[in-house]
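Written out below as structure tokens is the structure these notes cover.
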Amino acid sequence: QFVESDDDEELLFNIPFTGNVKLKGVIVMGEDDDTHPAEMRLFRNIPHMSFDDTAKEPEQTFSLSRDPLGELEYPTKIARFSNVYHLSMHFPKNFGAETTKIFYIGLKGEWTEAHRHEVTICNYEASANPADHKLEQITPQTHFIS
């Protein structure tokens with residue numbers, strides 16, 4: 001079983017994680033021919049990435065070697081991939097074939113539970129508006145101490 005590109009050699013994978021990942025390495029396994037990807041570009045935390053978005057500067061780029069057995073691990077820059085909740089992998093070219101085939105992608109890293117909080121809209125008063133704080137009529141009283 002493998003994934004093969006459609007009309008050209010480009011492939012794009014969007015991988016959402018259920019938590020935060022510190023990505024330490026990537027393994028890419030393909031055929032021992034020209035359909036093996038020759039370059040891999042990694043993007044982090046861009047959900048729903050499309051081919052139009054691949055013009056952006058990637059977090060890291062790798063020149064790949066043919067690896068039909070999955071023995072080569074490509075180490076990532078851990079500082080850039082320490083808090084990843086969505087990984088996009090772009091394979092822009094291969095070794096000369098019309099389509100690209102990938103048999104296996106392995107990700108090495110550490111997973112931690114995500115603590116995502118939704119946006120909270122808060123209004124704070126810099127000074128009180130007396131119209132907002134209606135009180136019952138206060139009658140002043142004076143107490144004498146003798």
Side-chain angles (χ1 to χ4, degrees), residues 1-140:
Q1 294 182 351
F2 56 87
V3 174
E4 186 173 11
S5 60
D6 292 341
D7 298 329
D8 57 5
E9 66 274 7
E10 278 191 281
L11 273 174
L12 177 65
F13 292 91
N14 283 303
I15 305 168
F17 298 114
T18 58
N20 293 325
V21 173
K22 181 189 289 186
L23 187 64
K24 296 181 178 181
V26 179
I27 297 172
V28 177
M29 201 167 81
E31 291 233 52
D32 195 13
D33 61 8
D34 290 343
T35 63
H36 193 288
E39 185 179 324
M40 174 176 62
R41 303 170 73 223
L42 298 180
F43 300 87
R44 68 177 175 88
N45 301 339
I46 307 174
H48 312 293
M49 186 171 181
S50 67
F51 283 105
D52 296 333
D53 299 324
T54 60
K56 296 179 183 180
E57 186 68 26
E59 298 294 325
Q60 192 169 358
T61 302
F62 297 93
S63 293
L64 303 179
S65 300
R66 287 185 176 97
D67 186 17
L69 301 176
E71 296 172 336
L72 298 176
E73 181 180 321
Y74 299 94
T76 60
K77 297 176 183 174
I78 296 176
R80 290 189 178 183
F81 294 96
S82 64
N83 194 19
V84 180
Y85 59 86
H86 189 278
L87 180 69
S88 298
M89 303 176 77
H90 179 229
F91 298 93
K93 60 184 179 179
N94 57 24
F95 287 99
E98 289 185 21
T99 61
T100 300
K101 288 183 184 178
I102 296 178
F103 287 86
Y104 175 81
I105 295 175
L107 303 174
K108 178 182 175 183
E110 297 174 10
W111 180 88
T112 56
E113 187 174 351
H115 297 287
R116 293 194 188 105
H117 299 284
E118 298 296 325
V119 175
T120 304
I121 298 174
C122 299
N123 294 321
Y124 296 97
E125 292 183 24
S127 63
N129 182 358
D132 291 341
H133 305 283
K134 301 271 186 199
L135 296 175
E136 293 181 23
Q137 185 66 19
I138 299 176
T139 55

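These values consider heavy atoms only, across backbone and side chains, with no hydrogens, waters or symmetry-generated copies.
- Side-chain contact check for Tyr74 versus Gln60: every heavy-atom pair is 4.5 Å or farther apart.
- Annotation: side chain to side chain donor-acceptor pair (under 3.5 Å) contacts of Asp67 (sequence neighbours excluded): none.
- The closest donor-acceptor contact from the side chain of Arg66 to the backbone of Glu31 lies at 3.5 Å or more, if one exists at all.
- Screening residues 85-100 for salt bridge (charged side-chain N to carboxylate O under 4.0 Å, His left out), with sequence neighbours left out, gives Glu39-Lys93.
- Considering every non-hydrogen atom in both Phe17 and Leu87, the closest pair reads CE1-CB, 3.8 Å.
- For Phe2, the ring pair (Phe, Tyr, Trp, His ring centres under 6.0 Å) criterion is met by Phe103, not counting sequence neighbours.
- For Phe95, the ring pair (Phe, Tyr, Trp, His ring centres under 6.0 Å) test picks out no residue, with sequence neighbours left out.
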* To do: Please lay out, stage by stage, how Val3 and Ile105 fare under the test side-chain contact (heavy atoms from CB on, under 4.5 Å).
  => CA-CA 10 Å; Val3 174; Ile105 295 175; over 6 Å; no
* Asked: Could you walk me through whether Val28 and Phe62 pass the side-chain contact (heavy atoms from CB on, under 4.5 Å) check?
  -> CA-CA 11 Å; Val28 177; Phe62 297 93; over 6 Å; no
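- Considering every non-hydrogen atom in both Asn45 and Tyr85, the closest pair reads OD1-N, 2.9 Å.
- Annotation for Met29 and Leu69: closest pair SD-C, 3.5 Å, computed over non-hydrogen atoms.
- Taking every heavy atom of both residues into account, Leu23 and Ile78 meet most closely at O-CG1, 4.2 Å.
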* To do: Would you check, one step at a time, whether the test side-chain contact (heavy atoms from CB on, under 4.5 Å) holds for Val26 with Met89?
  => CA-CA 10 Å; Val26 179; Met89 303 176 77; 3.6 Å; yes
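- Screening residues 50-61 for salt bridge (charged side-chain N to carboxylate O under 4.0 Å, His left out) gives Arg44-Glu59 as the qualifying pairs, with residues at least two apart or on separate chains.
- Every pair passing side chain to side chain donor-acceptor pair (under 3.5 Å) that includes a residue from residues 3-15 is listed here, sequence neighbours excluded: Glu4-Thr99, Glu10-His90, Asn14-Ser88.
- Side-chain contact check for Leu11 versus Pro37: every heavy-atom pair is 4.5 Å or farther apart.
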* Asked: Can His36 and Asn94 be said to form a side-chain contact (heavy atoms from CB on, under 4.5 Å), step by step?
  -> CA-CA 6 Å; His36 193 288; Asn94 57 24; over 6 Å; no
